[in-house]
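Everything numeric in this text was worked out from a predicted model, so none of it was measured. Sequence positions, counted from 1, serve as the residue numbers for this chain.
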Amino acid sequence: MVTVAAPAPPAARRSWRPTPAGVALTLALAGVGYRLAVLLAQAPPTNSDEATTGLVALHVSQGREFPLFFYGQYYMGALESYLAAPLFLLTGPSVLALRLPNLLLYAAFLALMWRLTSRLYTPWLAALTVGLLALGSDRILKNQLIAGGGYPEMNPAGALLMLLAVNLGLGVVRRRAAGYAVFGLVAGLTLWDDWLVLPYVGAAGLLLLLTGWRDLPGRHGAALAGGLLVGLVPIVAHNLTAAPEHRSLAVYANLSGADASWPDRLFGGVLFGLPMGTGFCPPGRCEPWQLWWGLLVPVLLVVAGVLAWRGLRRTGSAGFPDAPGAGPVVQGGRLALVGAAALTLLAYAVSAAAGSTPVESARYLSCLLISAPAVLWPLWRLAARGPGRWRAAGAGALAALTATMVVATAAFVAHLPAYGRQADARAELVAALDERGITRFYGGYWTCLPITFATRERIVCAVIDDDLRPGWDRYAPHRDLVAAAPAPAYVLPAGSATSRAVGAAIAAAGVPSTTSTVAGYDIHQPAGPVDLPRR
């Protein structure tokens, strides 16, 4: 008899389900790829502040100078310049080489936010946070990609400090001494680099002290102090050697913008500033329907703070350091994110800049992105656990939030051709200057430094203000070089009042001159030096 074996049952099909980590990784790669494409499209447009960073990096790479702060500005550390200097040695100076370290910093920020949000909240909220951070409006990309001083590195630094404080408190860091040393080093460097992140440094430091105070009398405390001392070296060295008016406290005490009324400050700092500063608005403006986020964020921060405080009390946290388990550290980390965001928002809303220059000054809210999971948590919790209609309201708010940020990102993408034309116009202007043999000229602040950097100081510009007086030259030797030229040119926006005044002054001086217009600029070429009258 022949026995026929029964066929084996078909293998069970494995159903594929997305995981939070997989979704977050995909979204993070999309965010990095998006920003790389933006950089290759020569956007966002460079400016004189970024060109100053580039000049510092150029001089460092050449071994000429090693400044601790940006030229002419003694409250922003030159960290971005030192990060770019090695790339300048490898590839030569360029805006792209200057910005590539910032792209890596952004990628690190996403990784840190994934870890921090997963630790304090849930992996799926972490995936949503990474997804929203992968989007990028005009203001967000300018903060993250332009090497203009402080902004690209502040968020990863603040997120790292928060994550270290939480992980050290939870006891999940294997090499604790190294963790404390890194915390101290990064905290110290932020005092040199940019003080806008200090609310997050302070909140993370307080959390570290409350959860790890038993470690501090021993070698862990020594590691923290040692790292902090090393991180403070640049700013301490500066304050020991700088003139009194250039020391940090004196500089910050004198920083102020045009005065503004309190209604203007509150509107620009909260209602307008929050949507503009956190990625809700197209270039240069916020539509009325996009301002709803400015009303909702303060409410969400209050709710998130109450939830964290109640959670802290449930864990017996009146004796915070003595409360066992992960509960106090997690709830304390949530409170730290809320407190740092509240301090950041309050400091900006009471400043004159919030009312007088709300569009550009919204960059001062850049660090609020670190607190994104704390702001999202009440909505996430409502959507996941809320009763009936409240659940729908939470989900609807998250959907509206995402849709608004997608619209703002699309508006930036639509604006890319205009930004590309700006880069082309600058290249056309440089070619025209070369064609005319111009290597020294006077121009406005926003014209000078990008051309000087783009030509590696082959062409040098000195600044004149609208009243024809000497303007703000970040690097003083540039003015001396232009002043020493036998017949410096004048390059000013075509048809502007300043260009007309310069043309009239050259004619009144009786100096022969030619004028041409290229790429939106009037190029005045007098045959000899001209002593401009002051308005």
Rounding to 0.5 Å, atoms CG (Leu40) and CG (Leu96) come to a distance of 6.0 Å

Show, in sequence, the C-alpha distance, side-chain angles and deciding distance for Thr52 and Asp49, and conclude whether the side-chain hydrogen bond (donor to acceptor under 3.5 Å, both in side chains) test is met.
CA-CA 5 Å; Thr52 302; Asp49 292 343; 5.2 Å; no

Side chains of Asp193 and Thr190 only: does a donor on one sit below 3.5 Å from an acceptor on the other?
no

Any salt bridge linking Glu287 with Arg285? Criterion: basic side-chain nitrogen under 4.0 Å from a carboxylate oxygen.
yes

Student check: side-chain heavy atoms of Pro450 and Ser48 closer than 4.5 Å:
yes

Which pair of non-hydrogen atoms, one from Leu369 and one from Gln144, has the smallest distance, and what is that distance?
CD1-NE2, 4.1 Å

Search all heavy atoms of Leu98 against all heavy atoms of Ala84 and return the closest pair with its distance.
CD1-CB, 3.7 Å

Judged by atom type as modelled, is there a donor-acceptor pair below 3.5 Å linking the side chain of Arg265 to the main-chain atoms of Ala260?
yes

Would a distance-only check, ignoring hydrogens and angles, find a side-chain to backbone donor-acceptor pair under 3.5 Å from Thr117 to Trp114?
no

Side-chain contact, heavy-atom cut-off 4.5 Å: Leu337 with Ile370?
yes

From Trp472 atom CH2 to Arg479 atom CZ, the distance as rounded to the nearest 0.5 Å:
13.5 Å

At what distance, to the nearest 0.5 angstrom, does CZ of Arg458 lie from OG1 of Thr452?
10.5 Å

Checking the side chain of Trp195 only, and the main-chain atoms of Leu191 only, is there a donor and an acceptor separated by less than 3.5 Å?
yes

Please tell me if the side chains of Met113 and Leu163 come closer than 4.5 Å, counting only heavy atoms from C-beta onward.
no

For the rings on His478 and Tyr475, is their centre-to-centre separation under 6.0 Å?
yes

Quick one: NE2 on His238 to OH on Tyr75, what's the gap to the nearest 0.5 Å?
12.5 Å

Side-chain contact, heavy-atom cut-off 4.5 Å: Val375 with Val338?
no

Quick one: does any side-chain atom of Ser137 pair with a main-chain N or O of Ala408 as donor and acceptor, under 3.5 Å?
no

Passing candidate, ring-ring contact (aromatic ring centres under 6.0 Å, His included) with His59, options Phe453, Phe70, Tyr71:
Tyr71

Evaluate the criterion side chain to side chain contact (heavy atoms under 4.5 Å, CB included) for residue pair Leu185 and Leu228; output intermediate values, then yes/no.
CA-CA 5 Å; Leu185 176 65; Leu228 182 62; over 6 Å; no

Would you check if the side chain of Thr344 reaches a backbone N or O of Ala340 as a donor-acceptor pair within less than 3.5 Å?
yes

For Tyr442 and Tyr490, take the angle between the two ring planes, folded into 0 to 90°, and tell me which bin it lands in: parallel under 30, tilted 30 to 60, perpendicular over 60.
parallel

Minimum heavy-atom separation for Gly136 and Thr409, please, with both atom names.
N-OG1, 3.1 Å

Would you give the length of the straight line joining atom SG of Cys367 to atom CG of Leu196, rounded to the nearest 0.5 angstrom?
6.0 Å

Would you please say whether a donor-acceptor pair under 3.5 Å links the side chains of Ser516 and Arg436?
yes

State whether the side chain of Ser496 and the backbone N or O of Leu492 hold a donor-acceptor pair below 3.5 Å, judged by distance alone.
no

Run the side chain to side chain contact (heavy atoms under 4.5 Å, CB included) check on Thr278 and Met405 step by step: do they pass?
CA-CA 9 Å; Thr278 55; Met405 295 184 71; over 6 Å; no

Side chain to side chain contact (heavy atoms under 4.5 Å, CB included) between Phe441 and Ile459, intermediate numbers included:
CA-CA 8 Å; Phe441 72 93; Ile459 299 175; 3.6 Å; yes

Got more than 12 heavy atoms from elsewhere within 6.0 Å of CZ, Arg115?
no

Donor + acceptor pair across side chains of Tyr445, Arg474 (<3.5 Å):
yes

Short question: side chain of Gln290, backbone of Cys281 - any donor-acceptor pair under 3.5 Å?
no

Exam field: side chain Tyr82 to backbone Phe66, donor-acceptor pair closer than 3.5 Å:
yes

Summary of side-chain hydrogen bond (donor to acceptor under 3.5 Å, both in side chains) pairs that have at least one residue in residues 89-113, sequence neighbours excluded
Arg35-Tyr106, Glu50-Arg99

Under a 3.5 Å cutoff, is there a donor and acceptor pairing between the side chains of Tyr419 and Asp138?
yes

Would you check if the side chain of Ser499 reaches a backbone N or O of Ala494 as a donor-acceptor pair within less than 3.5 Å?
no

Side chain Asp467, main chain Arg469, donor-acceptor under 3.5 Å:
yes

Give me the atom names and distance for the closest heavy-atom approach of Leu68 to Ala237.
CD1-CB, 4.2 Å

Side chain to side chain contact (heavy atoms under 4.5 Å, CB included) partner of Leu164, chosen from Leu207, Val182, Leu116, Leu208:
Val182

Non-hydrogen side-chain atoms of Leu145 and Pro152 separated by less than 4.5 Å
no

Say whether Ser371 and Tyr200, considering side chains only, have a donor N or O and an acceptor N or O under 3.5 Å apart.
yes

Close side-chain approach of Leu87 to Pro101, heavy-atom, < 4.5 Å
yes

Before giving the answer on side chain to side chain contact (heavy atoms under 4.5 Å, CB included), spell out for Tyr364 and Tyr151 the whole-Å C-alpha distance, their side-chain angles and the decisive distance to 0.1 Å.
CA-CA 9 Å; Tyr364 297 141; Tyr151 299 99; 3.2 Å; yes

Less than 4.0 angstrom from a charged side-chain N to a carboxylate O is my criterion; do Arg500 and Asp522 meet it?
no

Check the side chains of Ser513 and His524 for a donor-acceptor pair under 3.5 angstrom, ignoring hydrogens and angles.
no

Quick check: do Met276 and Leu365 have side-chain heavy atoms less than 4.5 Å from each other?
no

State, yes or no, whether a side-chain contact exists between Leu79 and Asp194 at a heavy-atom distance under 4.5 Å.
no

Shortest non-hydrogen contact from Phe412 to Ala43?
CZ-CB, 4.4 Å

Here the gap from Leu100 atom CG to Leu39 atom CG, rounded to the nearest 0.5 Å, amounts to 6.5 Å

All heavy atoms of Ala519 vs all of Ala425, minimum pair found to be CB-O, 3.4 Å

